[in-house]
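Reviewing the structure listed below.
Being a predicted model, the structure only gives us computed values, none of them experimental. Residue numbering restarts at 1 for every chain, and letters A, B, ... go by the order of the sequence lines.
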4 protein chains.
Amino acid sequence: MAREIRFTIDNNSGIPYYKQIILQVEMAIAGDRLAAGDQLPTVRSLAVDLQINPNTVAKAYNQLEIRGIVNTQQGTGTFISDREISFSEVERERILSELCRSTLVQAGSYGFSLEEIIAQLREMGERE
Amino acid sequence: MAREIRFTIDNNSGIPYYKQIILQVEMAIAGDRLAAGDQLPTVRSLAVDLQINPNTVAKAYNQLEIRGIVNTQQGTGTFISDREISFSEVERERILSELCRSTLVQAGSYGFSLEEIIAQLREMGERE
Amino acid sequence: MAREIRFTIDNNSGIPYYKQIILQVEMAIAGDRLAAGDQLPTVRSLAVDLQINPNTVAKAYNQLEIRGIVNTQQGTGTFISDREISFSEVERERILSELCRSTLVQAGSYGFSLEEIIAQLREMGERE
Amino acid sequence: MAREIRFTIDNNSGIPYYKQIILQVEMAIAGDRLAAGDQLPTVRSLAVDLQINPNTVAKAYNQLEIRGIVNTQQGTGTFISDREISFSEVERERILSELCRSTLVQAGSYGFSLEEIIAQLREMGERE
DNA sequence: GTGGTCTAGACCACA
DNA sequence: GTGGTCTAGACCACT
């Protein structure tokens, strides 16, 4: 059960380090490479690994915790939360709806059609 | 020739306002919804329209001018430059792909399936 | 509409500074001394006021934003969120239930009876 | 004379485990549910019971001993000290008051009314 | 001017 | 050993 993922930092993407870490954890969970109970690397070890400041790692873990994605116990470590990401159906609807709204607004503002978006999503989604 | 595009600002996308404007102009050119000679709204009117700070609009126009994409004529307005600019299909693809990737990652991290997303997009898209 | 609250920091309470700030904002909202749209002091000015590090204030504001309590716009400031703290009824039930559970567990472990708790709550609640 | 109390750990209260144990012992004494000579569970058994690290229990007992509240006899166990300790009614009031204050503030920040809280507490408390 | 990110490093609290 | 808090200060991005 003790899976591990390899983190990487892209210096030039313009995306803040802490957000890159959050994204990688989220993607790992989405892709089943991490699951409830798995331990994340310690703040310090990941910081050394990525050659960044421990505070930056801590910030990422912190935000993951606030979102309920991980569970951190002082003195023990940081773990993927076991709480069935317990969104009520209503909450789930809200999140899905907001996500799609944002996608549509952006797509529209760039001149992409609904079908273009869906085709692209299908292509990317099925490639996994 | 005097085409117009409708600008929109997405508060929650995390993309800075001025970049959203730039992107929308660029994509409109790439999608042939704007062409050389077309006039952009004035800084003031667009600012009022989008309910954002005029400085922000000015910054966007500024950068568009620096990149040679638009042409500001004092006292007359801002126009799409007639200099040949090529927003290649590749660039368009890149943006579409980036948008979809982001949508998928977020969706995945919340446990939404590809089909759920597409269904929701269809529903919202067709309602308009 | 531009109300203001006075922040104070208690050095000896053992409660982290940033949590004290969060609490004060929450209490101010609960007590109607702050409402949607009101601006919080800037990070820097509050830091000077309280004689603490700006990062500490920023951390508090950050967490308030994540919880949806405030709304921060780069370059503009931090404002009380206008989003009707939009918890679905289900979510609301869950929060209330968790809060009461925690209160009861603690009360029980300290030997307080249900009636003692309720009496104390009544006394404190009505004093406001 | 050999009374026993049931310890509980609240994962979400934010109060460190060892402090929760200390508080429960103190409050049991204040509430006359423990008295001089009563034996506490062994470090190991309590740790197993609460599913926490034995070091954490040991730390709690240690601090209780330092404060003169308990008395550890090598090879025999840990007992409530016979030294007169007064957890005055005032102290008890203070803790009750603190607990209620915390509950009220949180409730208020989520928009729950006093009556909602009390109703929920009654419902949950009487179900037990 | 505003907030956001990151660093380097200290000290504390917890298990 | 773990994570949490705070500082002092730099630099960037946005309005």
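Contact annotation: Thr72(C) does not reach the phosphate of dT2(E) (side-chain N/O to OP1 or OP2, under 4.0 Å). Listed pair Lys59(A) / dT5(E) meets the phosphate criterion, a side-chain N or O lying under 4.0 Å from OP1 or OP2.
Sequence order on DNA chain E of the closest nucleotides to Thr56(A) and Pro16(D) puts Thr56(A) first from the 5' end. When the nearest nucleotides of DNA chain F are assigned to Ile15(C) and Asn53(B) by heavy-atom distance, the more 5′-ward of the two goes with Ile15(C).
Between the CZ atom of Phe79(C) and the C1' atom of dT2(E) there is a distance of 9 Å, rounded to whole Å. The CD atom of Gln63(A) sits 16 Å away from the C1' atom of dG3(F) (whole-angstrom rounding). Atom P of nucleotide dG9(E) and atom CD1 of Ile52(A) are separated by 16 Å, given to the nearest angstrom. Distance, Leu46(C) CG to dT2(E) P: 12 Å, rounded to whole Å. As rounded to whole Å, 15 Å separates atom C1' of dG4(E) from atom CG of Asn71(C). Going from atom CG of Leu50(A) over to atom P of dA8(E) covers 14 Å, rounded to whole Å. In this structure, Ile21(D) places its CD1 atom 15 Å from C1' of dA13(E), rounding to the nearest Å. In this structure, Ile9(B) atom CD1 and dT15(F) atom C1' are separated by 13 Å, rounded to whole Å.
Checked for salt-bridge contact, Asp49(A) and Arg6(A) miss the test: no charged N lies under 4.0 Å from a carboxylate O.
Set against dT15(F), dG3(F), dT5(F), the side chain of Gln74(A) has dG3(F) as its closest nucleotide. In this structure, the nucleotide among dT15(F), dT2(F), dG3(E) sitting nearest to the side chain of Thr42(A) is dT2(F). Looking at the side chain of Tyr18(C), the nearest of the listed nucleotides dG4(E), dT7(E), dC6(F) is dC6(F). Picking from dT15(F), dA8(F), dA8(E) the nucleotide with the shortest atom distance to the side chain of Tyr17(B) gives dT15(F). Of the candidate nucleotides dT5(F), dC14(F), dT7(E), dT7(E) has the atom nearest to the side chain of Asn55(C). The listed nucleotides are dC14(F), dT5(F), dA15(E); the one nearest the side chain of Lys19(C) is dT5(F). Proximity note for Glu65(C) (side chain, C-beta onward) versus dG4(E), dT2(F), dT5(E): the nearest is dG4(E).
Around CD of Gln51(A), the count of heavy atoms belonging to other residues, nucleotides or ligands within 6.0 Å does not exceed 12.
Proximity of Val105(A) to Arg101(A): side-chain heavy atoms (C-beta onward) are separated by under 4.5 Å at one or more points.
Between Pro41(C) and Tyr61(C) the shortest heavy-atom distance is O-OH, 2.8 Å. Nearest heavy atoms, Ile80(D) versus Leu34(D): CD1-CD1, 4.0 Å. A pairwise comparison of heavy atoms in Gln39(A) and Thr76(A) identifies NE2-O, 3.7 Å as the closest pair.
Checking dC6(F) for Watson-Crick or G-U wobble geometry (two distances, each under 3.5 Å) identifies dG9(E) as its partner. Base pairing annotation: dC14(E) forms a Watson-Crick or G-U wobble pair with dG1(F), both donor-acceptor distances under 3.5 Å.
If you check distances only, the side chain of Arg44(C) never reaches the base of dG1(E) with a donor-acceptor pair under 3.5 Å.
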